[in-house]
Undergrad: 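Shown below is the structure under consideration.
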Amino acid sequence: MSRARAEMIEETRARLLASARQAFATQGYANTSMDDFTARAGLTRGALYHHFGDKKGLLAAVVAQLDREMDERLQQISDQADNPWDGFCERCRAYLRMAQDPEIQRIVLQDTPAVLGENVGAQQQCIESLRGLLEGLMQAGVIEQAPSLALARLINGSLVDTAQWIAHDAQPDERLEQALQGLDLLLRGLQPRR
């Protein structure tokens, strides 16, 4: 395949993703017309089917893009922290705060579970990321020793569930504050007993 053809394919995919992402975020998945967002992108439904299979496939691709961006933001938080423990704790808090971002709230926390069910691929990536962080904290003696995969699944599950709880409320600020208080208590429980 020529370089120009490959660039054209990538540009088409990017236009479809950007148009769908904007539509899903503002109108929601159910209210988004494939004809409307493909026309806004200057493309046809055929392009959507060719690149993503169907509307669900496009949603999965948008979610994968958002998941990567969220993971990058969370990794920056970990990297910029004064120490690994503070980075881990702030990363968990930031994930809950993301539940108030309108795009993440609508697409990732509300529509994706309803349309795609458990987003297993994205969850596995998050779980493995958490597992690596937890193993590093255990090796450094910052937290108690425990099976890292089980602990990563427990933490990830509680963060995802709580973020959805925040995202589905008319008063998300109050729920976020309650969640952050509970999270701090849970995270302190990971530290070695003195």
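For the single chain, residues carry numbers from 1 onward in sequence order.
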Undergrad: Decide whether Leu116 and Leu58 are clustered together by the hydrophobic rule: side chain heavy atoms of Ile, Leu, Val, Met, Phe, Trp, Tyr closer than 4.5 Å, transitively.
TA: yes
Undergrad: Run the side chain to side chain donor-acceptor pair (under 3.5 Å) check on Gln75 and Asp71 step by step: do they pass?
TA: CA-CA 6 Å; Gln75 189 60 49; Asp71 194 50; over 6 Å; no
Undergrad: Counting distance only, does the side-chain N/O of Thr112 pair as donor-acceptor with the main-chain N or O of Ile107 below 3.5 Å?
TA: yes
Undergrad: Could you go through the side-chain contact (heavy atoms from CB on, under 4.5 Å) check for Glu103 and Thr26 one step at a time?
TA: CA-CA 8 Å; Glu103 184 179 49; Thr26 57; over 6 Å; no
Undergrad: Measuring from atom OG of Ser158 to atom CG of Leu183, what distance do you get when rounded to the nearest 0.5 angstrom?
TA: 7.5 Å
Undergrad: Above 12 or not: heavy atoms from other molecules or residues under 6.0 Å from CD of Glu174?
TA: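 Check fails, neighbour count at 12 or below.
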Undergrad: Write down the atom of Ser148, the atom of Glu135, and the distance for their closest heavy-atom approach.
TA: OG-OE2, 2.6 Å
Undergrad: Report the C-alpha separation of Leu190 and Phe88 in whole Å, then their side-chain angles, then the decisive distance to 0.1 Å, and conclude whether the side-chain contact (heavy atoms from CB on, under 4.5 Å) test is met.
TA: CA-CA 11 Å; Leu190 296 174; Phe88 178 75; 4.1 Å; yes
Undergrad: Of all the heavy-atom pairs spanning Leu109 and Ala163, show the shortest one and how long it is.
TA: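 In this case the closest contact between Leu109 and Ala163 is CD1-O, 3.7 Å.
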Undergrad: Does one side chain, of Gln27 or Asp36, offer a donor that lies under 3.5 Å from an acceptor on the other?
TA: no
Undergrad: Do the side chain of Lys55 and the main chain of Leu48 share a donor and acceptor less than 3.5 angstrom apart?
TA: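 Not at all, since once roles are kept as given, no pair shorter than 3.5 Å links the two residues.
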Undergrad: Could you walk me through whether Arg97 and Leu180 pass side-chain contact (heavy atoms from CB on, under 4.5 Å), step by step?
TA: CA-CA 9 Å; Arg97 288 185 188 107; Leu180 290 172; 4.1 Å; yes
Undergrad: Is it the case that Gln105 and Asp101 place a side-chain donor and acceptor less than 3.5 Å from each other?
TA: no
Undergrad: Does this structure show an ion pair linking Glu72 with Arg91, if we count only N-O contacts that are shorter than 4.0 Å?
TA: no
Undergrad: Fit a plane to each ring of Phe37 and Phe24, take the angle between them on a 0 to 90° scale, and name the class: parallel (under 30°), tilted (30 to 60°) or perpendicular (over 60°).
TA: perpendicular
Undergrad: What's the separation between atom OG1 in Thr12 and atom CE in Met8, rounded to the nearest 0.5 Å?
TA: 6.0 Å
Undergrad: OH of Tyr29 to NZ of Lys56: how many Å apart, nearest 0.5 Å?
TA: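 Going from OH on Tyr29 over to NZ on Lys56, the span is 6.0 Å.
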Undergrad: Is a side-chain N or O of His50 found less than 3.5 angstrom from the main chain of Gly46, in a donor-acceptor match?
TA: no
Undergrad: From Cys92 SG over to Leu186 CG, what is the distance, rounded to the nearest 0.5 angstrom?
TA: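 The distance works out to 10.0 Å.
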Undergrad: Could you measure the distance from the CD atom of Gln178 to the CG atom of Asp169? Nearest 0.5 Å is fine.
TA: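 If I round to the nearest 0.5 Å, the distance is 8.5 Å.
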Undergrad: Provide the closest heavy-atom pair for Ser19 versus Ala41 in the form atom of the first, atom of the second, distance.
TA: CB-CB, 3.8 Å
Undergrad: Which of these passes side chain to side chain contact (heavy atoms under 4.5 Å, CB included) with Ile155: Val160, Leu133, Leu134?
TA: Leu134
Undergrad: Judged by modelled atom types alone, do Thr38 and Arg15 share a side-chain donor-acceptor pair under 3.5 Å?
TA: no
Undergrad: When you group the ILVMFWY residues by side-chain heavy-atom contacts below 4.5 Å and let the links chain together, are Val142 and Leu154 in the same group?
TA: no
Undergrad: Are any non-hydrogen side-chain atoms of Leu151 and Arg131 less than 4.5 angstrom apart?
TA: no
Undergrad: Answer with yes or no whether the hydrophobic clustering places Leu187 together with Met138; edges join I, L, V, M, F, W, Y residues whose side-chain heavy atoms lie under 4.5 Å apart.
TA: yes
Undergrad: How long is the gap from OG1 on Thr44 to CE on Met34, to the nearest 0.5 Å?
TA: 11.0 Å
Undergrad: Identify the two heavy atoms, one from Met98 and one from Met70, that lie closest to each other, and give their separation to 0.1 Å.
TA: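 Smallest interatomic distance, heavy atoms only, reads SD-CE, 3.6 Å.
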Undergrad: Between Phe52 and Leu59, is the side-chain contact (heavy atoms from CB on, under 4.5 Å) condition met? List the steps.
TA: CA-CA 9 Å; Phe52 299 102; Leu59 176 64; over 6 Å; no
